[in-house]
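Have a look at the structure below before the remarks.
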Amino acid sequence: MKKLHVVLTLFGAMLLAAACNKKSDFNYYYYEPADYALISQYLNLPDKPDNYLSELPKHLTSLGLAPRPVQQDKAILGRVLFYDTHLSKDGKVSCASCHKQELAFSDDTPVSRGVFDRAGDRNSIALGSVLSFAAYYGTDLFGPSGIPFFWDNRANTASEQNLSSMTNPKEMDMSHADITNAVQAQPYYEPLFRMAYGDGQVTPARVSEAIGEFVNAIGSYRSKFDQEAEKAIGYNVYSNIELSNFSGFSQAENRGKKLYLDNCASCHSTTQGRPPKMKANNGLDASYPDAGVGGITNQAADMGMFKVPLLRNIALTAPYMHDGRFATLEQVIDHYSSGIQFHPNLSSELRVGNTPLKLNFTAQDKSDLVAFLNTLTDEQLLTEKRYANPFK
Amino acid sequence: MISRAYFLVAVSLMLVFAACTSNRFYTPNTMNIPMLTEAGQGTVAGGLTTGSKNTGWEAQATYSPVKHLGLMFNHFDLRHKGEAPTNQSSFFFFEKTPYEGQTRLTEGAVGGYYQVGPQKEYLLSLFTGFGQGRSENRYSAPPDQQSSEIYVSDWRYQRYFIQPALSLKYNRFQVGTGIRFAWVNYLDGNISSRVGQLETQRIELLENSSPLFFTEMAWSIGWRLKPVVISLNSTAVVRGKNTLRDLDLASNYVSLTLGLNIHELKKKF
């Protein structure tokens, strides 16, 4: 009987001791300790890698928009390369110089300045203007059937695009050999390449693929507009957005939404998913110094045609248009209201016969439209750590 | 004769059910269903599982120091292998990577038993116990990395359980069934998140949903060749909750055990 007591007491003590045990506490590690110590001298990268999968809201996935999965190791490497000024001829310019996170990855000057302060030809495109790069653009998976890059639609994949930015004399001005040498010279890249590719070998193709993975991981899908569209989601996303006022919108925002749907959505998209048109002429000038798509294709029908940008985060990405001619959204709206010029390729939505349309917005209309455009801002994107500058 | 036929049918049925689940995060050990009726009775048993993906062994014991009171001990050691989805490689496909794992658990329990029925042929028991264990999974690098590295995750866990069971003993034949309410608390661990986003997310889910509570059901059928008992046992996690399904917890564990009833041994010699 005594023995039994001992056994029971011991067992009770064991249960008690166990019950006092702390909560689960897993330690995640990603890099070898020596690698992490080296990397950490230069970079603030978490030892538990950031997740680069975007979970798009239902109103977008129901349209068949799904982000291509991003290869995490390559995106991490790509993030470092994106912010690394060693990748430019004068050591001062990185992708982020013209694609600033706090501006939804755009720039605040009409034309950005590249190496040696050389002025570019066009206004930087906000990488944060799309719901998800990987869902939106031409990807290696879909090839040219995706949406092409640049104001003149000249590149098909993110890696094709960024190699051209790196070698562009007005942007980073690097030869392929320069790129390889610059990357190899930085000690933190050996482990990062090894993580992404199994060995530390640096090639321009790998550099551009990795940056492409990072850019593909950028996405903006948490604006007030998205939250409201998500609430309304039912049988048909389009009619949800078109037919009803959003309950979380102010009256001005709802009136602006209606004006946007009537006058702008046929080019810029109802859902801010994919634009219905890849290119258009919106009547900026009667004759264009920059031929846009026509400069690439040499087709008369493409002259003065430009990429139709999505308007996500548009409030942050001034100045506007391919040449950055408009400093404010009010000026953009004035253009559509009364400033459209006739051009042979002016899109049919903006003309009646050979006369450019005047949308003749009232002052109230204009401020309502601006109120609506402001709902397309995704605050979270602007500070998200996984997209931020990793350099110390 | 009849009992042997039943036995064989049961064996084949269970082997069919045991296929295709993942043992990476948790595997139930064989529920030890006591067959004690008197003070001084005790059983020691060794169990084995083999299959294309699993090999495991178990040691189990029960003993009754006083009538109506029982003690229980279980040790469980399972090696398993399979493939884990590690990354999403396209819209529809997952990248998978092979892994090998081992999980161990040692536990003790106390409880009571009571005989009921017209001939007192039924045995009701209620045990409660606690144990601690450790799991380790070793993953190969994802195929696209062309690397021979091994990524390891390992953690310790505790389990508390309450286990009501019912059994029935004939001369040559015994059957038992029970429910085990289990609380599994994952303690400290070291996780290589190199293994891939999907698997890392699963392990995070495991950590964040700890302590996991779930129900397990078991039955056992034994062939008595006094003092030896050969039994076939099946223990399954009831995967009702979404988390359990997301974690793809092993749903079923089947083992064959060879038991020795100590009191029958004494009688024999």
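Letters A, B, ... mirror the listed sequences (proteins, then strands); counts begin at 1.
Classified by interplanar angle (parallel below 30°, tilted 30° to 60°, perpendicular above 60°), the ring pair B:Tyr157/B:Tyr186 is tilted.
The only member of B:Gln60, B:Glu107, B:Gln163 that meets side chain to side chain contact (heavy atoms under 4.5 Å, CB included) when paired with B:Met72 is B:Gln163. Tested against A:Gln380 for a side chain to side chain contact (heavy atoms under 4.5 Å, CB included), the candidates A:Leu382, A:Thr383, A:Asp378 yield a single pass: A:Asp378.
Here B:Phe213 and B:Trp183 bring their ring centres to under 6.0 angstrom of each other. Note: B:Phe214 and B:Tyr26 meet the aromatic proximity criterion, with ring centroids under 6.0 Å apart.
The candidate from B:Ile203, B:Ile191, B:Asn190, B:Leu206 with the greatest count of non-hydrogen atom pairs under 4.5 Å with chain A is B:Ile191.
Only the side chain of B:Gln201 has a heavy atom closer than 4.5 Å to any heavy atom of chain A.
A side-chain donor-acceptor contact under 3.5 Å links A:Asp84 and A:Tyr189.
The stretch residues 29-40 of chain A places A:Tyr29, A:Tyr30, A:Glu32 near chain B, each with some heavy atom under 4.5 Å from a heavy atom of that chain.
Within a 6.0 Å sphere centred on CZ of A:Phe391, heavy atoms belonging to other residues, nucleotides or ligands number more than 12.
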